[in-house]
Peer 1: 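Have a look at this one.
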Amino acid sequence: MKKKLTAKIQEINPPLQQFATSFAKCLVIEPESKELLLKKGGIYAVYEITGAANFDTALTDRVLRDILHNSYYQSDNISPIQSLEKAIVEAKEKILQLSNDALSAEPTGVQLNVTAGVLWGNVFYAVGVGDADSYLMRDGTVKPIEAVSEGTFAAASGIVKDEDVVILCSRQFTKNYPPQRLLSTRIAEQNLKENEACVLLKFIIDTSFTEDEVIDFGLEKQASRNRKREQVEKIILGARKSVEKAAPLAKKVTGLFAKKKQTTTRIDTSGVNKKEGIKLTKKVVFLLPVLGLVLVTALVWQLAGKKSSPEVPAPQVQNEVSVETTPPREQPVDVAEITKDDGQYKVLRVTPEIFYDIKITDQAAEPKEIVSVAGYLIAGDPVSGKIYKSATDPAKFEAEATTYPGLSSLIALNGRVGFLQNNKFHSYTPSNPADLTSFDMPGVEIINTYSDYLYGITADKLNRYEKDGTQYSETLWGQSAEFQNARSLSVAYSIYLLTSNGELTKHTSGNKNTFEVKGLNKDLGGATKVITDIDFDNIYVLDPANQRVIVLDTEGNLVKQYTHEPQASWDSLRDMTVTSDESTIYLLNGSKVMTISMESQN
């Protein structure tokens, strides 16, 4: 490698609604370690999803990003092109099944179009599938990147130079903003349609830059650099003739060029939807040391499209490429009415990050509960009895081997996960599910923990359980009609209880305290869960009926209310959990786990 290149990146993304049947977006993916970045490069891509299914745009983007990252950087394949193809195939298998809240009944009606590239040293590898476009700007001239089509994919590779610019974009973006217009027009992202996205990469030698830096693509300077092209073409033509006269090994290389000349197309394999075209094949390119110099010049020819692409006149550039900062999106007319009392009732409207959709792991998953335990998230499906576990970083839920049909009351118990099932209380260490202990607790309906004790409700009785050898001894803590059919129980010295009618009550030493929730605009009739802890500053209440999370101080005063933006919805809230440091709330909305960072909201 004679020189190390890096890329200045300009993403042009459209504003997206929470749900859409057709949308496009840019992806810029780099590994966590610098060592892996130097070894396998960064991924730059533009994808477009079209079809009849209604996709959660944020979740789809997160899943696609995670799968491309994991598949590409965990691949042992030495070929960047084959690694990219494999990553795209794996992404397609998952993405095409995702719709709004469940699996699409007709995933084949959804199409994933991708154009992706990897900068590895000073070589750019490009892979395309479906309707997507890619261009190279060199010496002031813009041309389509020429690629060899094989099966579903089209691929290209070649050496890039200092000051080269590669453009990857969705097909609809190309129609409305062709390269000549793109390179001389200011693009306002808020004016883009949902399926218009583009990323520009300007390659430079070992130059660091900040995210806030205004990128000057130097188009006027490049427009004057087209005099040397004729000499380069002569050299390349001479090199190709030498290849044709070389040994039998070299004939394989010339065969590749001959095939390219017949099947060459832009990275816009528009025919992939035809029945005869849907067949995935892969190719491996080996660089022959003996023909190194020839291949280097040939790669330049391949990427720049000197031979087979009609020349595009150099654009008369008057302005630098500039993307205006996206202003706040125009809101529906009724937003003012919806949010008029937010300040008075301490409402914070947030867009939670999609942590994971458990249906990616198990299409039949219907989790109802979730709990945070010792750096893990544990979700339970009471019907199938499956327990799903994920580390908080990275996000990836997997099903435990053992199932517990009818499980309920997931809790964190001194670094262990505990739950009720079939008149028993089970607990185990998340990192070692085989470390299971079980105790008889007949009739207990809901349970929680405080210090070394367990507290469980049976009918109208609240009992305290103390571990005694291999069993728990039971002591009556209190008895009240309020305990009957209680919805949720949490303990922080005092007992906080959500009654059957949604009232939040407080009990200490077996007696009911005077406790009133103050400051709410809507009552707690639909609340389903209360969470607190002796080390917490606040009490947290989940209210699915009003699609909100309520934060109270220990006296019952309203601190804040988290809810969604007016155009969004949390219509499938099932459960929540709060991390031990009160920094993050995890919401279980349907099968999706979403995160609210409380630190960023303070």
Peer 1: If you look only at pairs with a residue in residues 444-460, which of them pass as a side-chain hydrogen bond (donor to acceptor under 3.5 Å, both in side chains), with sequence neighbours excluded?
Peer 2: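 Listed once each, the pairs are Asp460-Gln479.
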Peer 1: Sorted by first residue and then second, give each salt bridge (Lys or Arg N to Asp or Glu O under 4.0 Å) pair with at least one member in residues 529-539; sequence neighbours left out.
Peer 2: Lys529-Asp575
Peer 1: With sequence neighbours left out, which residue pairs that include part of residues 480-505 fulfil the ring pair (Phe, Tyr, Trp, His ring centres under 6.0 Å) condition?
Peer 2: Phe483-His507, Tyr496-Phe515
Peer 1: Return each pair, listed once, that meets salt bridge (Lys or Arg N to Asp or Glu O under 4.0 Å) where at least one residue sits in residues 419-434; pairs must be two or more places apart or across chains.
Peer 2: Lys424-Asp440
Peer 1: Checking Pro394 now: which residues fulfil side-chain contact (heavy atoms from CB on, under 4.5 Å) with it, not counting sequence neighbours?
Peer 2: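 With sequence neighbours excluded, Pro394 shows a side-chain contact (heavy atoms from CB on, under 4.5 Å) to no residue whatsoever.
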Peer 1: Can you name the side chain to side chain donor-acceptor pair (under 3.5 Å) partners of Lys386, sequence neighbours left out?
Peer 2: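 By the side chain to side chain donor-acceptor pair (under 3.5 Å) rule, Lys386 matches Asp362.
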Peer 1: Taking salt bridge (charged side-chain N to carboxylate O under 4.0 Å, His left out) as the test, write out the residues that go with Glu30, two or more places apart.
Peer 2: none
Peer 1: Ring pair (Phe, Tyr, Trp, His ring centres under 6.0 Å): which pairs involve residues 360-398, sequence neighbours left out?
Peer 2: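 Qualifying pairs, neighbours excluded: Tyr356-Phe397.
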Peer 1: Considering residues at least two apart in sequence or located in another chain, which fulfil the ring pair (Phe, Tyr, Trp, His ring centres under 6.0 Å) criterion with Phe355?
Peer 2: Tyr586
Peer 1: Considering residues at least two apart in sequence or located in another chain, which fulfil the side-chain contact (heavy atoms from CB on, under 4.5 Å) criterion with Asn521?
Peer 2: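 Partners of Asn521 under the side-chain contact (heavy atoms from CB on, under 4.5 Å) test: Tyr345, Arg548, Gln561.
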Peer 1: Applying ring pair (Phe, Tyr, Trp, His ring centres under 6.0 Å), can you list everything that pairs with Tyr73, at least two apart in sequence or on another chain?
Peer 2: His69
Peer 1: Excluding sequence neighbours, so at least two apart, what forms ring pair (Phe, Tyr, Trp, His ring centres under 6.0 Å) with Tyr404?
Peer 2: Phe419, His426
